[in-house]
Structure formats: structure tokens, C-alpha cells
*Asks:* 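Let me begin by handing over the structure; questions about it come next.
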Number of protein chains: 2
Amino acid sequence: MESKDAVAALGALAQENRLEVFRMLVQAGPRGLPAGQIAERLKLASPTLSFHLAQLRHAGLVTVTRDGRSLIYAADYDGMNELMGFLTENCCAGDAAGCGVPVCEPAARTVVRRRSRGVTRQ
Amino acid sequence: MESKDAVAALGALAQENRLEVFRMLVQAGPRGLPAGQIAERLKLASPTLSFHLAQLRHAGLVTVTRDGRSLIYAADYDGMNELMGFLTENCCAGDAAGCGVPVCEPAARTVVRRRSRGVTRQ
DNA sequence: TCCATATTTTTATATATATGGAATTATTGA
DNA sequence: TCAATAATTCCATATATATAAAAATATGGA
């Protein structure tokens, strides 16, 4: 991961509404949520939400797929994990015990197959 | 951690120069670095660096102690780890295996005693 | 006490970002 | 083909942020 990508991802998360959106998607799991449902839950005007989702998408933090009229947004866990790895990279000059950073491998990944109707737009 | 604190921390990191400063301090370890040395290594004007260090400090990502004429900045590893915990909180509705997030405990912490000359200003 | 060093604070200016109304595009079902 | 729904893009406005020159503060040594 490049420094510029990390700045983009951090900038995307550094906003109250977007952070809420992202955390909602992280908690929702790989199945994601339709934009309308996010807007409703967070009481955001649709152009506002659309703007924020685009930021998160360009930053590689969420993915989108169409399902009929709805666009389904989901957290991009790979993007998130890459970002966290970048922040802690080579911490304490390699002696991670100096700063309490998790040094273990990620939990074994369960692959979730998404409904494949519609076209993916990244 | 509150959402507002997370936004502050992410905003502090979402800037090219500050991200560089922070990563430099993360890699430098708990002993930290004097402001002048950071400015020199990153070729930043001192008021600019000072502004950025203040942002990181207010966001709880770095600490500062005085040593003679120098102010020594160090990464605040607790702050960083809290932030990452906040982002991944309750991911996949509790089934972390769904997204490959590290679920293990942080490495055992090695406490490093800092030189106690001067006053700590947070 | 005075000077040099290290760093911060103040201030001005330039630039980037957030918001929501209005118009637009895409999809489905009648 | 048309109306209804879901969401986006365009636009104007308000607000926040980054930068560095100049002035101010704190420390240590002569």
C-alpha cells in the first residue's frame, strides 16, 4: 500500500457520517446493505449519502453491486486490513512487543458468495 | 472510544505530512524523536511541523515531553490500538472469521521507561 | 543579564470538503 | 411505452484545513 492510498482511506473515514456508514457496513458483514436502507437508518439526504459512499468506494473501503433497482454496498475488508497493516508497519523498528500491536495472522477467512445478479461497478 | 474521537484521530492521520510523521514515530519506538529531527528528515518548515504535531497530539496519537530545549514526540500506541479496535468493533456482527480481522490479543507489552526530565504536556 | 537555539503561536491566504435542492440516469412492472 | 422507484450527478453555498512568514515563548550557557 502506498502512502497516498492510505491518506485517501483515512480521509474517507475521517468524517462523522462516513465513519458511521463504514462501521455499519463492517458490522453488517459481507452481504452488505442497500443505499436506501443506509440513508434511512442514518437519516441522511440521498445526495449526501451518495457523495459519502463514492468517497468510501474510491478509497477502496467499500464495494458496490447492483441488485435490481438497489445498489448494495459492503465493507471491503481487504482494504481495511491493508490500511491497518500500513499504520503499524515495522512498528518499534520491528520489535512489536514494544507497543502492543497485534502481531498474529488474521483469522482464517470464511468466503461468502454474494448474489451474482447485476453488474459490479468499482 | 467515541465516534468523535475516532474522527479526530483519522483526520489527524489523513494528511500526507502527518501520516509520514506518525509512521516515523511508530517506527522509532517509545523513545520518540525531537521535533527538530523530524522537521529535518521530512524537510518541513518548523511552523508547519508544529501545526501537524499539535493535530496529532490533540487526537491522542502522539505524546510530547521536554528534554532541555528539545521537545520529544513519541507515538501513542494505546491511542493507535484503540482506534483500530474501534474500526473493527463487532465486525461481521461478531463473526470475525467472515472478514479476516485479527482477533487475537496484542503482543505482551514491554514497558519502556522514558527519561523523566522536564514536564509532560498533553 | 544577555544571546543563541528550539519550538510554538499568530495571522493571512489559498485550497479542499460537506451539504442538499434540482435535474438526470437506470431498472422494473403495468 | 409510461409511471414509479432507487440512486446518482450537477450546482451553489457554507465551512474547514494547510501553509509559511513574522512575532512570541522557553531553555541553557556565557
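Per chain, numbering begins at 1; letters A, B, ... match sequence-line order.
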*Asks:* Rounded to whole angstroms, how far apart are CG on A:Asp67 and C1' on C:dT27?
*Replies:* 11 Å

*Asks:* Given D:dT19, is OP1 or OP2 found less than 4.0 Å from the side-chain N or O atoms of B:His52?
*Replies:* yes

*Asks:* For the side chain of A:Gln55, starting at C-beta, report the closest nucleotide among C:dT27, C:dA18, D:dA18.
*Replies:*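 Of the options given, the side chain of A:Gln55 lies nearest C:dA18.
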
*Asks:* Within this structure, what is the CG-to-C1' distance between B:Leu71 and D:dT27, rounded to whole angstrom?
*Replies:* 10 Å

*Asks:* B:Ser70 near the nucleic acid: base, sugar-phosphate alone, or nothing, with a heavy-atom cut-off under 4.0 Å?
*Replies:* sugar-phosphate

*Asks:* Please confirm whether the shortest side-chain N or O distance from A:Tyr73 to OP1 or OP2 of D:dT8 is below 4.0 Å.
*Replies:* yes

*Asks:* Rounded to whole angstroms, how far apart are CZ on B:Phe51 and P on D:dT17?
*Replies:* 8 Å

*Asks:* Between atom NE2 in A:His58 and atom C1' in C:dT17, what is the gap in whole Å?
*Replies:*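 Whole-Å distance recorded here is 15 Å.
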
*Asks:* Using purine N1 to pyrimidine N3 plus N6-O4 or O6-N4 for Watson-Crick, or N1-O2 and O6-N3 for G-U wobble, each under 3.5 Å, what pairs with D:dA30?
*Replies:* C:dT1

*Asks:* Using atom CZ of A:Arg57 as one end and atom C1' of D:dA7 as the other, report the distance to the nearest whole Å.
*Replies:* 12 Å

*Asks:* Below 4.0 angstrom, which residues in residues 2-22 of chain A have at least one non-hydrogen atom near DNA chain C?
*Replies:* A:Gln15, A:Asn17, A:Arg18

*Asks:* Measure from CZ on B:Arg66 to C1' on C:dA6 and round the result to the nearest Å.
*Replies:* 8 Å

*Asks:* Can you tell me which nucleotide in C:dT9, C:dT19, D:dT19 comes closest to the side chain of B:Pro47?
*Replies:* C:dT9

*Asks:* Among A:Glu20, A:Arg18, A:Arg57, exactly one meets side-chain hydrogen bond (donor to acceptor under 3.5 Å, both in side chains) together with A:His52. Which residue is that?
*Replies:* A:Arg18

*Asks:* Taking all non-hydrogen atoms of both residues into account, name the closest pair between B:Arg31 and B:Ile72 and its distance.
*Replies:*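 Heavy atoms of B:Arg31 and B:Ile72 come nearest at O-CG2, 3.6 Å.
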
*Asks:* Can you check whether A:Phe86 reaches A:Glu82 side chain to side chain, under 4.5 Å on heavy atoms?
*Replies:*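 A side-chain contact is absent here, since even the closest heavy-atom pair is not under 4.5 Å.
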
*Asks:* In whole angstroms, how far is the P atom of C:dA6 from the CD atom of B:Glu40?
*Replies:*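 Roughly 10 Å, once rounded to whole Å.
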
*Asks:* So do the side chains of A:Val26 and B:Thr88 get within less than 4.5 Å of each other, counting heavy atoms only?
*Replies:* no

*Asks:* State whether A:Thr48 places a side-chain N or O below 4.0 Å from either non-bridging phosphate oxygen (OP1 or OP2) of C:dG20.
*Replies:* yes

*Asks:* List the atom of A:Leu19, the atom of B:Ala6, and the distance in Å for their closest heavy-atom pair.
*Replies:* CD2-CB, 3.7 Å

*Asks:* Tell me: CG of B:Leu53 to P of C:dA6, nearest whole Å?
*Replies:* 16 Å

*Asks:* More than 12 heavy atoms of other residues, nucleotides or ligands under 6.0 Å from CD of A:Glu89: yes or no?
*Replies:*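 Result for CD/A:Glu89: enclosed.
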
*Asks:* Which nucleotide, D:dA6, D:dA26, D:dA18, lies nearest any side-chain atom of A:Arg69?
*Replies:*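 Among D:dA6, D:dA26, D:dA18, the one nearest the side chain of A:Arg69 is D:dA6.
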
*Asks:* For the pair B:Tyr73 (side chain) and B:Phe22 (backbone), establish whether a donor and an acceptor sit closer than 3.5 Å, ignoring hydrogens and angles.
*Replies:* no

